[in-house]
Amino acid sequence: MTQQPTPLKTLQHRIDHSCRQAGRAAAAVTLLAVSKTRDAEAIRALHAQGVADFGENYLQEALAKQSALTDLDLTWHFIGPIQSNKTRDIAHHFDWVHTVDRLKIARRLSEQRPADLPPLNLCIQVNVDDEASKSGVSLAEVPPLAAAIAGLPNLRLRGLMAIPRADATDGNQAAFRTLAMTLSQLRHTMAAQSAQSLDTLSMGMSDDFETAIAEGATIVRIGTALFGPRPDK
Ligand SMILES: *Cc1c(COP(=O)(O)O)cnc(C)c1O
């Protein structure tokens with residue numbers, strides 16, 4: 001009997017292949033398993049296969065899973081919209097947050113980050129296609145927001161995140177390239193100390209991660225290609 005490769009193995013092959021094609025080391029790209037709507041056991045099973053980074057969109061759902069998985073050494077990323085009343089739990093229970101697009105939210109996260117935890121890793125969400133309905137700051141708003149966040153004590157600004165449109169004819173290549181260029185410009189304009197930690201481009205999902213890797217993604221956020229189609233909410 002021949003064994004089917006697991007979805008994870010297939011995905012890792014595709015990520016490795018994209019890295020090779022782009023002349024990048026496989027270790028340059030982190031797989032963030034997007035586990036929204038999946039249960040704690042699905043996370044446990046992926047962790048047993050070597051996945052350490054998990055992304056969640058809904059706070060209450062995430063907290064329930066986290067408390068069922070305290071025996072595992074996992075890195076938790078918050079990737080959903082953030083209202084002010086969620087910042088305390090995010091500051092207490094996550095290692096990363098990818099979806100900050102307001103200084104007010106960043107300030108609260110910094111104030112509420114417990115002193116015994118390392119700084120919260122943070123990406124600014126950019127509305128790279130300038131879509132009316134989307135979260136994220138405009139490209140022009142990135143430098144001032146980044147400069148303000150860099151001055152907050154309990155955060156570590158790591159880079160930029162985007163969710164480009166779903167219907168672009170170029171597989172979002174232009175959007176990914178724009179985000180990469182924006183990060184590179186930011187590195188040049190920020191003070192040396194802040195620029196050093198700007199190493200993250202959180203971009204690419206199940207349908208477009210190969211293009212994102214070609215354009216410099218360092219974190220790809222993958223749900224469907226790992227876990228199968230999501231149940232309707
Ligand atoms: C759901 C989600 C993903 C994963 O999407 P897939 O298409 O299932 O891979 C990635 N990023 C964010 C912000 C999400 O909300």
Side-chain angles (χ1 to χ4, degrees), residues 5-36 46 49-55 57 75 77 79 96-99 101 121-131 134-140 142-143 146 157-190 195-230:
T6 61
L8 175 62
K9 277 269 178 308
T10 303
L11 180 62
Q12 280 169 336
H13 278 299
R14 289 174 63 191
I15 291 173
D16 289 355
H17 182 72
S18 302
C19 287
R20 256 197 316 280
Q21 295 246 299
R24 305 180 59 202
V29 177
T30 297
L31 168 61
L32 174 55
V34 175
S35 45
K36 62 177 174 222
L46 264 191
Q49 299 172 66
V51 178
D53 290 85
F54 291 87
N57 298 58
T75 301
H77 300 244
I79 62 170
W96 281 77
V97 55
H98 293 229
T99 40
D101 62 4
N121 295 291
L122 183 150
C123 291
I124 294 173
Q125 182 173 355
V126 183
N127 185 356
V128 71
D129 291 316
D130 218 4
E131 293 172 275
K134 277 264 177 77
S135 310
V137 297
S138 69
L139 290 165
V142 170
L157 181 62
R158 298 296 297 271
L160 305 177
M161 176 273 204
I163 311 172
R165 54 196 310 138
D167 59 356
T169 51
D170 67 346
N172 289 323
Q173 184 183 41
F176 293 144
R177 190 163 290 184
T178 298
L179 197 71
M181 204 183 305
T182 306
L183 181 69
S184 151
Q185 286 164 354
L186 200 57
R187 264 199 222 106
H188 283 102
T189 52
M190 299 276 284
Q196 236 175 30
S197 68
L198 284 175
D199 56 6
T200 301
L201 279 171
S202 169
M203 60 187 196
M205 320 205 307
S206 291
D207 288 335
D208 56 16
F209 70 86
E210 284 150 322
T211 305
I213 290 172
E215 297 300 330
T218 64
I219 297 181
V220 290
R221 308 180 311 266
I222 313 277
T224 313
L226 261 181
F227 295 102
R230 267 185 297 280

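Counting begins at 1 with the first residue of the sequence. Note that these values count all heavy atoms, side chains included, but never hydrogens, waters or copies made by symmetry. As the structure is a computational prediction, the values presented were derived from the model and not from experiment.
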Problem - Distance, nearest 0.5 Å, that separates CZ of R165 from CG of D130 - result: 10.0 Å

Handout entry: CD1-CE distance between I163 and M205, expressed to the nearest 0.5 angstrom
Key = 6.0 Å

Handout entry: Heavy atoms of other groups near D16 CG, more than 12 under 6.0 Å
Key = yes

Exercise for the section: Would you give the length of the straight line joining atom CG of L183 to atom OG1 of T178, rounded to the nearest 0.5 angstrom? Expected result: 12.5 Å

Fill in the blank from the handout: W96 and C123 have their tightest heavy-atom pair at CZ3-SG, 4.0 Å

Exercise for the section: Write down the atom of A212, the atom of G204, and the distance for their closest heavy-atom approach. Expected result: CB-CA, 3.5 Å

Exercise for the section: Give the intermediate values and the outcome of side-chain contact (heavy atoms from CB on, under 4.5 Å) for residues Q49 and T6. Expected result: CA-CA 10 Å; Q49 299 172 66; T6 61; 3.7 Å; yes

Practice task
Output the distance between atom CD1 (I219) and atom OG1 (T30), rounded to the nearest 0.5 Å.
Solution key: 5.5 Å

Fill in the blank from the handout: Correct closest heavy-atom pair for M203 and E215 would be CE-O, 3.6 Å

Handout entry: Atom of V126, atom of V142 and distance for their closest heavy-atom approach
Key = CG2-CG2, 3.8 Å

Handout entry: Closest non-hydrogen atom pair between P7 and A225, with its separation
Key = CB-O, 3.8 Å

Fill in the blank from the handout: Of all heavy-atom pairs linking E131 and P164, the shortest is OE1-C, 4.3 Å

Exercise for the section: Report yes if the side chains of S35 and F227 come closer than 4.5 Å at any heavy-atom pair, otherwise no. Expected result: yes

Exercise for the section: Answer yes or no: is there a side-chain heavy-atom contact under 4.5 Å between F209 and V29? Expected result: no

Practice task
Answer yes or no: is there a side-chain heavy-atom contact under 4.5 Å between T218 and D199?
Solution key: no

Handout entry: D170: side chain to side chain contact (heavy atoms under 4.5 Å, CB included) partners, not counting sequence neighbours
Key = A168, Q173, A174

Practice task
Could you check if a side-chain atom of T224 sits within less than 4.5 angstrom of a side-chain atom of D207, using non-hydrogen atoms only?
Solution key: no

Problem - OG-NE2 distance between S202 and H98, expressed to the nearest 0.5 angstrom - result: 4.5 Å

Exercise for the section: Would you check if M161 and R221 make a side-chain contact, meaning some heavy-atom pair closer than 4.5 Å? Expected result: yes

Exercise for the section: Applying side-chain contact (heavy atoms from CB on, under 4.5 Å), run through L179 and L160 and close with a yes or a no. Expected result: CA-CA 7 Å; L179 197 71; L160 305 177; 3.9 Å; yes

Handout entry: Spacing of CG belonging to D101 relative to CG belonging to N127, to within rounding of 0.5 Å
Key = 9.0 Å

Exercise for the section: Might you work through the side-chain contact (heavy atoms from CB on, under 4.5 Å) test for E210 and Q21, ending with a clear yes or no? Expected result: CA-CA 10 Å; E210 284 150 322; Q21 295 246 299; over 6 Å; no

Exercise for the section: Could you give me the CA-CA distance, side-chain angles and deciding distance for L32 and T75, then say whether side-chain contact (heavy atoms from CB on, under 4.5 Å) is met? Expected result: CA-CA 9 Å; L32 174 55; T75 301; over 6 Å; no

